[in-house]
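Reviewing the structure listed below.
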Amino acid sequence: MIEIRKAITAQSEEITKLIMTAMTDDCCLHFCGNGYGLDDFRKMMTTLVEREDSQYSYRNTLVAMDGDKVVGISVSYDGGRLHELRRAFIETAKEYIGKDHTSMDDETQTGELYIDSLAVLPEYRRQGIARKLLLATKEQANRMGLPCIGLLVDKNNPAGEALYASVGFRYVNDSHWGGHPMKHLIL
């Protein structure tokens, strides 16, 4: 039985692995400076998950649990807090991946609970876990008084786009993030 609950700090490495799955290796490498790789990115992301003031914080994460195993995540935050939460990413990226991301484009906005990362372990896919995470995230948006949920989906991810459409997400506009053409969807 899969249970959705709030994440805890002790799950940071499992959460990081799933965030990087959601981002893809190409995207993770896009954010790295010359001479830095996926291991450096993983260390940085683990640090950010463990922090409380980061967009990737465990405090912004719902986990899908199969017993004691994290099998899926939904990392989301109030889009109105993007710049405040992104400061941790900018500072930590300079140290861990040798790149200044101060001028990064905004991927969200005030008024939406932004789903930064949604991922399920490969062996647990096609079991409704991502849908459960999305519905739990929608409940969280309701509790926070945010009128909608937003996310970016890679234009080369039709399966992801179909999942989001199946729970009611609709296309808003095109975007670009992490070196990839994306679609901005809202629910």
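We're numbering straight along the sequence, starting at 1.
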Return a table of donor-acceptor pairs under 3.5 angstrom between the side chains of residues 47-54 and protein atoms on other chains or two or more places apart.
unit_1, atom_1, unit_2, atom_2, d
Thr47, OG1, Lys43, O, 3.1
Thr47, OG1, Tyr96, OH, 3.2
Glu50, OE2, Ser12, OG, 3.0
Arg51, NE, Asp53, OD1, 2.8
Arg51, NH1, Thr92, OG1, 3.4
Arg51, NH2, Asp53, OD1, 3.2
Arg51, NH2, Asp53, OD2, 2.8
Glu52, OE1, Arg59, NH1, 2.9
Glu52, OE2, Tyr58, OH, 2.9
Ser54, OG, Leu48, O, 3.3
Ser54, OG, Tyr56, N, 2.9

Just wondering, do [Y] and [X] contact through their side chains at under 4.5 Å, heavy atoms?
X      : Y      : answer
Arg5   : Leu62  : no
Asp25  : Leu38  : yes
Leu121 : Leu18  : yes
Ser166 : Arg131 : yes
Asn142 : Lys138 : yes
Met144 : Asp78  : yes
Met44  : Phe31  : no
Gln11  : Met65  : yes

Determine the minimum heavy-atom distance between [X] and [Y], stating which atoms define it.
X      : Y      : answer
Ile115 : Leu151 : O-CB, 3.8 Å
Ile149 : Leu134 : CD1-O, 4.5 Å
Met23  : Cys28  : CB-SG, 3.8 Å
Leu118 : Ser74  : CD1-CB, 3.9 Å
Ile15  : Ala7   : CD1-CB, 3.6 Å

| said: Taking Glu84 first and then Arg81, would you say they form a salt bridge - that is, a charged N and a carboxylate O separated by under 4.0 Å? | reply: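 A salt bridge links Glu84 with Arg81.
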| task | Decide, yes or no, whether a salt bridge links Glu91 with Arg86 under the criterion of side-chain N to carboxylate O below 4.0 Å. | result |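 A salt bridge is absent here (no side-chain N lies under 4.0 Å from a carboxylate O).
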| Test of ring centre spacing under 6.0 Å for Tyr77 and Tyr114 |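 Here the rings of Tyr114 and Tyr77 have centres that are less than 6.0 Å from each other.
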| task | Under the side chain to side chain donor-acceptor pair (under 3.5 Å) rule, what do Tyr36 and Asp39 come out as? Steps first, then yes or no, please. | result | CA-CA 8 Å; Tyr36 293 88; Asp39 192 50; over 6 Å; no
| Check: Thr102/Asp100 side-chain N/O donor and acceptor closer than 3.5 Å |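 Yes, a side-chain donor-acceptor pair sits under 3.5 Å.
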| said: Going by side chain to side chain contact (heavy atoms under 4.5 Å, CB included), name the residues that satisfy it together with Gln109, two or more places apart in sequence or in a different chain. | reply: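 Scan of Gln109 (side chain to side chain contact (heavy atoms under 4.5 Å, CB included), adjacent residues dropped) gives Glu112, His184.
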| task | Report the relative orientation of the aromatic rings in His101 and Phe89; use parallel for angles under 30°, tilted for 30 to 60°, perpendicular for over 60°. | result |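 Geometry flag for Phe89 against His101: tilted rings.
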